[in-house]
Trainee: 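Quick one: the structure is below, and I'll ask about it shortly.
Letters A, B, ... are given to chains in the order of the sequence lines, protein chains preceding strands, and every chain is numbered from 1.
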Amino acid sequence: MSAPDAATPTAADPAGFAERLLRWFDRHGRTQLPWQRDPTPYRVWVSEVMLQQTQVATVIPYFETFMARFATLQALAAAPQDEVLHLWTGLGYYARARNLQAAARQILERHGGEFPAALDDVLSLPGIGRSTAAAILALSKGERHAILDGNVKRVLARVFGIEGDPGSAEVLGRLWRQAEACTPPQRAAAYTQAIMDLGATLCSRARPACARCPMTALCVAARAGRQAELPGRKKRARRGRREATLLIAESGTAGSRAILLERRPSPGLWGGLWAPPQFASAEEALAWCRRELGEPAQALRLEPIEHAFTHFDLTLKPLKVRCARARAVREADRLWYELGAPPKVGLPQPIRRLIGLLAASAIA
DNA sequence: CATACGTGGGG
DNA sequence: TCCCCAAGTAT
């Protein structure tokens with residue numbers, strides 16, 4: 001039995017992997033990302049949660065604004081939920097924001113306001129799973145914990161030729177074992193950043209820059225010309241379609257126009273955010289309007305709003321009704337949203353656009 | 001194990 | 001137009 005090819009990394013001997021990666025990182029790694037400045041557990045935590053399923057370029061401005069307002073875990077815990085969601089508006093996956101604040105409050109109660117040091121305690125916080133917990137402890141404290149995000153999955157699947165759908169438990173298990181085997185005891189923070197950087201920059205999904213990659217000589221996919229086939233694809237169901245009628249109830253008050261919004265239930269789509277009441281049909285919307293707000297002075301159909309989600313397309317049909325204001329400005333789950341001086345609440349992206357159009361139409 | 005959860009960008 | 005994906009987690 002001959003000795004294994006020295007250039008071929010294996011799960012048993014992936015040492016060359018980390019060394020090559022770190023050497024590349026020292027020359028080409030990213031070091032100027034906002035959360036890399038003063039990488040406290042709190043700052044790294046917020047960044048990692050924002051970065052879940054979200055690209056770096058999208059996160060950066062949100063992170064800056066969020067940290068300016070909530071500089072500490074205590075500030076986040078003490079804030080009204082609406083303000084947290086307001087700063088999350090447009091970022092998506094709003095359960096992340098709700099969980100972030102819930103976790104901050106949990107840390108205050110159970111850990112005296114100090115971000116927990118033990119992996120199990122970190123893992124028990126809402127919104128923090130295995131990869132995020134590992135990333136926080138590795139990046140903020142240099143502890144050796146393997147991560148497995150989209151970047152790492154892609155790098156490992158290609159370099160080690162791990163076939164199959166990464167969504168399946170079996171392949172996921174192989175990827176985790178490989179990630180554990182590759183993570184070195186020394187320079188854990190740099191390594192963690194490095195493997196994400198490699199996946200995000202050179203080892204991209206569409207056009208990997210193998211010519212500049214430090215792994216090409218070892219890479220099973222590159223050596224076989226199979227970069228496009230790894231990692232395996234997850235077959236996804238065709239996108240469905242939903243539609244709803246939006247009741248845009250506009251108050252008749254001259255000089256201070258407002259529309260009625262309701263807090264959406266959580267969990268659920270846009271949970272905790274505010275949007276106009278939704279109905280299956282215009283008839284249902286009008287019936288509700290007469291019951292809750294009185295007979296509208298007029299009703300006007302506006303242009304439908306199309307919005308694409310990951311798994312479905314949503315068509316919102318706005319029905320604008322003019323009515324006399326009959327209720328308090330703010331209740332627990334209902335508010336009149338002033339177009340002039342709006343309260344700071346979370347708004348779904350399509351609703352934010354709609355409100356922008358309504359506000360502009362007043363000027364015309 | 002499959003599905004829900006947002007949004008913007010790329011091919 | 002349509003599919004895929006991006007620093008995943010919760011149920």
Side-chain angles (χ1 to χ4, degrees), chain A residues 30 33-36 39 43-63 85 88-100 102-103 122-136 138-140 145-155 165-173 175-176 179 192-201 203-207 228 231-242 264-273 275 306-314 346-353:
Chain A
R30 292 178 291 190
L33 297 170
W35 41 91
Q36 294 178 312
R43 287 172 56 85
V44 172
W45 168 39
V46 172
S47 75
E48 286 300 323
V49 170
M50 286 187 171
L51 286 160
Q52 287 168 359
Q53 300 287 277
T54 310
Q55 297 188 347
V56 168
T58 301
V59 165
I60 288 175
Y62 282 88
F63 179 81
L85 290 172
W88 212 272
T89 288
L91 199 52
Y93 284 138
Y94 300 99
R96 294 184 294 175
R98 302 194 305 266
N99 284 334
L100 195 67
V122 177
L123 266 173
S124 77
L125 296 169
I128 298 182
R130 181 172 173 184
S131 189
T132 298
I136 294 169
L139 293 172
S140 70
H145 300 287
I147 65 163
L148 187 64
D149 59 17
N151 290 314
V152 179
K153 285 176 187 169
R154 193 164 51 253
V155 170
D165 169 15
S168 77
E170 195 269 329
V171 175
L172 199 57
L175 287 167
W176 268 114
T192 299
Q193 187 63 48
I195 193 165
M196 289 191 288
D197 283 359
L198 187 71
T201 60
C203 195
S204 58
R205 158 64 81 174
R207 300 166 57 88
R233 295 198 175 175
K234 177 160 50 179
K235 41 189 153 192
R236 209 176 296 193
R238 185 182 174 75
R239 257 216 315 255
R241 298 182 184 282
R242 302 181 199 174
R264 295 184 53 89
S266 55
L269 185 70
W270 299 334
L273 278 65
E306 305 282 351
H307 195 73
F309 292 84
T310 302
H311 293 287
F312 64 96
D313 290 324
L314 179 64
L347 297 175
Q349 200 65 336
I351 303 307
R352 193 164 68 163
R353 276 197 293 270

Trainee: Applying salt bridge (charged side-chain N to carboxylate O under 4.0 Å, His left out), can you list everything that pairs with A:Arg241, at least two apart in sequence or on another chain?
Mentor: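 Expected list: A:Asp313.
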Trainee: How would you label the contact of A:Ala135 with the nucleic acid (heavy atoms, under 4.0 Å): base, sugar-phosphate, or nothing?
Mentor: nothing
Trainee: Applying salt bridge (charged side-chain N to carboxylate O under 4.0 Å, His left out), can you list everything that pairs with A:Arg130, at least two apart in sequence or on another chain?
Mentor: A:Glu180
Trainee: If I take atom CD in residue A:Gln53 and atom C1' in nucleotide C:dC4, what distance separates them, rounded to the nearest angstrom?
Mentor: 12 Å
Trainee: Which atoms of nucleotides 8-11 of chain B (N or O only) lie under 3.5 Å from a protein N or O atom, and what are those distances?
Mentor:
| residue | atom | partner | partner atom | Å |
| --- | --- | --- | --- | --- |
| B:dG8 | OP1 | A:Gln349 | NE2 | 2.5 |

Trainee: With sequence neighbours left out, write down each residue that passes side chain to side chain donor-acceptor pair (under 3.5 Å) with A:Thr89, or none if nothing qualifies.
Mentor: none
Trainee: Looking at every strand, decide which applies to A:Val56 at a 4.0 Å heavy-atom threshold: base, sugar-phosphate, or nothing.
Mentor: base
Trainee: Write down the distance separating the C1' atoms in C:dA7 and B:dG11, rounded off to the nearest Å.
Mentor: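 Comparing C1' positions in C:dA7 and B:dG11 gives a spacing of 22 Å.
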Trainee: Holding to salt bridge (charged side-chain N to carboxylate O under 4.0 Å, His left out), I want the full list of residues that pass it with A:Arg205, two or more places apart in sequence or in another chain.
Mentor: none
Trainee: Assign A:Leu123 to base, sugar-phosphate, or nothing according to its heavy-atom contacts below 4.0 angstrom with the strands shown.
Mentor: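 Nothing: the residue A:Leu123, judged by heavy atoms under 4.0 Å, touches no strand.
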Trainee: So what does A:Pro348 touch, heavy atoms closer than 4.0 Å: a base, only the sugar-phosphate, or nothing?
Mentor: sugar-phosphate
Trainee: Between A:Asp313 (CG) and C:dC2 (C1'), how many Å, whole number?
Mentor: 9 Å
Trainee: Base, sugar-phosphate or nothing for A:Trp35? Non-hydrogen atoms, less than 4.0 Å.
Mentor: base
Trainee: Are any non-hydrogen side-chain atoms of A:Trp35 and A:Ile60 less than 4.5 angstrom apart?
Mentor: yes
Trainee: Over how many whole Å does the gap from A:Leu148 atom CG to C:dA6 atom C1' extend?
Mentor: 14 Å
Trainee: Using the C1' atom in both, what is the distance from B:dC1 to C:dA6, to the nearest Å?
Mentor: 23 Å
Trainee: On DNA chain C, compare the nucleotides closest to A:Gln36 and A:Arg241; which residue's is nearer the 5' end?
Mentor: A:Arg241
Trainee: Among C:dA7, B:dC5, C:dA6, find the nucleotide with the atom closest to the side chain of A:Asn151.
Mentor: C:dA7
Trainee: Are OP1 or OP2 of C:dC3 and a side-chain N or O of A:Arg233 less than 4.0 angstrom apart?
Mentor: no
Trainee: Grab the CH2-C1' distance between A:Trp176 and C:dT9 for me, whole Å please.
Mentor: 12 Å
Trainee: Please find the pair of heavy atoms, one from A:Ile351 and one from A:Ala275, that lie closest to each other, and give the distance.
Mentor: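 Nearest heavy atoms, A:Ile351 then A:Ala275: CG1-CB, 3.9 Å.
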Trainee: Grab the CG-P distance between A:Leu172 and B:dC1 for me, whole Å please.
Mentor: 9 Å
Trainee: Could you give the distance separating B:dG6 and C:dC5 at their C1' atoms, to the nearest angstrom?
Mentor: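 Each nucleotide's C1' atom is 13 Å from the other's.
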Trainee: With DNA chain C as reference, determine whether A:Ser204 or A:Thr132 sits nearer its 5' end, using the nearest nucleotide of each.
Mentor: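 It is A:Ser204 whose nearest nucleotide is closer to the 5' end.
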Trainee: Give a yes or no on whether a donor-acceptor pair under 3.5 Å exists between the nucleobase atoms of C:dA7, that is its base, and the side chain of A:Arg30.
Mentor: yes
Trainee: Kindly write out the residues that satisfy side chain to side chain contact (heavy atoms under 4.5 Å, CB included) with A:Ala133, not counting sequence neighbours, or none if the list is empty.
Mentor: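 Partners of A:Ala133 under the side chain to side chain contact (heavy atoms under 4.5 Å, CB included) test: A:Leu119, A:Val122, A:Leu123, A:Ile128.
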Trainee: So, is A:Tyr93 close to the B:dA4 phosphate, meaning a side-chain N or O under 4.0 Å from OP1 or OP2?
Mentor: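 Result: no.
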Trainee: Is A:Gly268 touching bases, backbone alone, or none of the nucleic acid, heavy atoms closer than 4.0 Å?
Mentor: sugar-phosphate
Trainee: Under 4.0 angstrom, heavy atoms only, what part of the nucleic acid is A:Ile128 near: base, sugar-phosphate, or nothing?
Mentor: sugar-phosphate
Trainee: Expressed as a whole number of Å, how far does the P atom of B:dG8 sit from that of C:dA10?
Mentor: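 Between the two P atoms, the distance is 24 Å.
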Trainee: Can you list, by residue number, the residues of residues 44-52 of chain A that have a non-hydrogen atom closer than 4.0 angstrom to DNA chain C?
Mentor: A:Glu48, A:Leu51, A:Gln52
Trainee: Side-chain donor-acceptor pairs under 3.5 Å in residues 264-272 of chain A, sequence neighbours left out?
Mentor:
| residue | atom | partner | partner atom | Å |
| --- | --- | --- | --- | --- |
| A:Arg264 | NE | A:Leu269 | O | 2.9 |
| A:Arg264 | NH2 | A:Leu269 | O | 3.2 |

Trainee: Under the rule for ring pair (Phe, Tyr, Trp, His ring centres under 6.0 Å), what residues qualify as partners of A:Tyr93, not counting sequence neighbours?
Mentor: none
Trainee: So, do A:Asn151 and A:Leu198 sit near enough that their side-chain heavy atoms are less than 4.5 Å apart?
Mentor: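 Side chain of A:Asn151 against side chain of A:Leu198, heavy atoms only: no contact under 4.5 Å found.
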Trainee: Classify the nucleic acid contact of A:Pro350 as base, sugar-phosphate or nothing, counting any heavy atom under 4.0 Å across all strands shown.
Mentor: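 Result for A:Pro350 = sugar-phosphate.
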Trainee: Given that A:Gly92 and A:Glu170 both sit by DNA chain B, which one's nearest nucleotide is further toward the 5' end?
Mentor: A:Glu170
Trainee: Output the rounded distance in Å from NE2 (A:His145) to P (C:dG8).
Mentor: 19 Å
Trainee: Looking only at side chains, do A:Arg30 and A:Thr201 share a donor and an acceptor under 3.5 Å apart?
Mentor: no
Trainee: Donor-acceptor pair, distance only, cut-off 3.5 Å: does the side chain of A:Arg96 make one with the backbone of A:Met50?
Mentor: yes
Trainee: With heavy atoms under 4.0 Å as the rule, sort A:Arg242 into base, sugar-phosphate or nothing.
Mentor: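 Sugar-phosphate only.
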Trainee: Checking contacts here: which listed nucleotide (C:dC3, C:dA7, C:dG8) is nearest the side-chain heavy atoms of A:Arg239?
Mentor: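 Given the options C:dC3, C:dA7, C:dG8, the side chain of A:Arg239 is closest to C:dC3.
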Trainee: Nearest-Å distance, CZ (A:Arg98) to P (C:dA10)?
Mentor: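 About 12 Å, once rounded to whole Å.
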Trainee: Take atom CZ of A:Phe312 and atom P of C:dC3, then tell me their distance rounded to the nearest Å.
Mentor: 15 Å
